Amino acid sequence: MVRFKNRYVLCEVVSEDPRCRQCIEDRAVGLAVRDAVGRVHGDYGLACCSISFTVKYLNAYTGTVLLRCRKDSYRLLCSALPFVRQLESRNQRYPCSLNTLHVGGTIRTCQKFLIQYNRRQLLMLLQNCTNEEERRCIQKSLLSCSLTEEHSQSGDEEDDDGPE
């Protein structure tokens, strides 16, 4: 039996309006990437990338996208990602771009990279804090960065804000 090797491309959705990231679906990202590959590399590139291409993970709040493709065609995919200029979801177009953060052989390596990347981003935010309350919130976020398995999928959105 032959094992097909894949590459996982970790991307960040960059947009001027951060609220538009919350409306994006994984299907819309997949269609936009396929369209960009078809425009840049033609039918050959589209066929090569479409064999095993899928959006494995999309976090709409952080704008993180994990794409999977075959090892043979990941360079075609990565070279077409800068040409994604908009994502269409629910009959609305959102101007944005995809920034490639990491290319890995497994999802686990991409997770490890994402944790380190988020820590660096939080440290940069910590240096730019203006008051003590912001500093405490960011320090709490820094300390909570760890790679653990999530047991409950339904309780992802919990409000810890307290009374408003």
Side-chain angles (χ1 to χ4, degrees), residues 1-125 141 144-157:
M1 188 131 225
V2 177
R3 187 183 114 191
F4 294 110
K5 293 189 177 182
N6 295 314
R7 286 291 177 255
Y8 296 90
V9 181
L10 185 65
C11 300
E12 176 182 37
V13 177
V14 179
S15 65
E16 303 216 357
D17 185 15
R19 290 178 291 164
C20 78
R21 288 190 301 209
Q22 296 172 358
C23 301
I24 296 172
E25 301 170 345
D26 55 349
R27 186 176 53 81
V29 173
L31 289 174
V33 170
R34 280 191 182 104
D35 182 48
V37 170
R39 279 184 286 134
V40 173
H41 298 292
D43 291 337
Y44 172 76
L46 185 60
C48 288
C49 289
S50 293
I51 293 173
S52 179
F53 175 76
T54 185
V55 178
K56 293 300 280 184
Y57 174 74
L58 170 68
N59 189 337
Y61 296 105
T62 61
T64 305
V65 180
L66 187 65
L67 307 171
R68 182 190 74 185
C69 67
R70 285 265 176 99
K71 182 181 177 183
D72 301 336
S73 60
Y74 83 94
R75 288 189 179 126
L76 293 173
L77 178 72
C78 289
S79 66
L81 287 177
F83 294 97
V84 174
R85 292 288 168 220
Q86 64 184 4
L87 296 175
E88 187 172 341
S89 179
R90 300 181 189 129
N91 294 327
Q92 291 186 346
R93 293 183 180 182
Y94 302 103
C96 63
S97 62
L98 293 177
N99 180 22
T100 304
L101 299 176
H102 180 71
V103 177
T106 62
I107 294 177
R108 178 108 174 138
T109 58
C110 291
Q111 285 176 334
K112 287 180 181 180
F113 174 82
L114 188 59
I115 289 171
Q116 293 301 318
Y117 177 77
N118 287 336
R119 279 189 180 168
R120 286 192 302 264
Q121 295 296 321
L122 287 171
L123 283 172
M124 286 180 5
L125 283 175
S141 297
S144 68
C145 287
S146 64
L147 185 61
T148 59
E149 287 188 24
E150 207 171 289
H151 295 290
S152 66
Q153 294 292 332
S154 61
D156 287 342
E157 299 178 10

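Keep in mind that this is a model prediction, so the values were computed, not measured.
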Handout entry: Within-4.5 Å side-chain heavy-atom neighbours: Arg85 and Ser97
Key = yes
Problem - Spatial distance of atom CG (Leu77) from atom NE2 (His41) [nearest 0.5 Å] - result: 8.5 Å
Exercise for the section: Would you indicate whether the side-chain heavy atoms of Phe53 and Val33 approach each other to under 4.5 Å? Expected result: yes
Exercise for the section: State whether the number of non-hydrogen atoms from other residues, nucleotides or ligands found under 6.0 Å of Arg75 atom CZ is greater than 12. Expected result: no
Fill in the blank from the handout: Residue set satisfying side-chain contact (heavy atoms from CB on, under 4.5 Å) with Leu46, at least two apart, ordered chain then number -> Arg34, Ser50
Practice task
State whether the side chain of Ser73 and the backbone N or O of Leu76 hold a donor-acceptor pair below 3.5 Å, judged by distance alone.
Solution key: no
Handout entry: Spacing of CZ belonging to Arg90 relative to CD1 belonging to Ile24, to within rounding of 0.5 Å
Key = 10.0 Å
Completion exercise
Value for CD1 (Ile107) from OH (Tyr57), rounded to nearest 0.5 Å, stands at 11.5 Å
Exercise for the section: List the atom of Leu87, the atom of Ala28, and the distance in Å for their closest heavy-atom pair. Expected result: CD2-O, 4.0 Å
Fill in the blank from the handout: In this structure, CD of Gln86 is separated from CG of Asp35 (nearest 0.5 Å) by 9.0 Å
Completion exercise
Here the pair of heavy atoms bringing Asn6 nearest to Arg68 is ND2-CD, 3.6 Å
Exercise for the section: For the pair Met124 and Arg120, evaluate side-chain contact (heavy atoms from CB on, under 4.5 Å) and give the outcome as yes or no after the intermediate values. Expected result: CA-CA 6 Å; Met124 286 180 5; Arg120 286 192 302 264; 5.8 Å; no
Problem - 4.5 Å side-chain heavy-atom contact, Cys11 and Leu67 - result: yes
Practice task
Looking only at non-hydrogen atoms, find the nearest pair between Val65 and Val55 and report the distance.
Solution key: CG1-CG1, 4.1 Å
Fill in the blank from the handout: Only residue of Leu81, Leu66, Leu98 satisfying side-chain contact (heavy atoms from CB on, under 4.5 Å) with Val9 is Leu81
Problem - Heavy atoms of other groups near Glu16 CD, more than 12 under 6.0 Å - result: no
Completion exercise
In terms of heavy-atom contacts, Pro95 and Ser15 come closest through O-CB, 3.7 Å
Problem - More than 12 heavy atoms of other groups within 6.0 Å of Phe83 CZ - result: no
Fill in the blank from the handout: Nearest heavy-atom approach of Gly104 to Thr109 is CA-OG1, 3.9 Å
Handout entry: Any side-chain heavy-atom pair of Tyr94 and Cys23 under 4.5 Å
Key = yes
Problem - From Ile115 atom CD1 to Cys110 atom SG, the distance as rounded to the nearest 0.5 Å - result: 11.5 Å
Fill in the blank from the handout: In short, Val84 meets Ala32 closest at the heavy-atom pair CG2-O, 3.9 Å
Exercise for the section: For Arg7, check side-chain contact (heavy atoms from CB on, under 4.5 Å) against everything at least two apart and list the hits. Expected result: Lys71, Tyr74, Val103
Handout entry: Side chain to side chain, Tyr117 and His102, heavy atoms closer than 4.5 Å
Key = no
Handout entry: Partners passing side chain to side chain donor-acceptor pair (under 3.5 Å) against Thr62 (at least two apart in sequence or in another chain)
Key = Asn59, Thr64
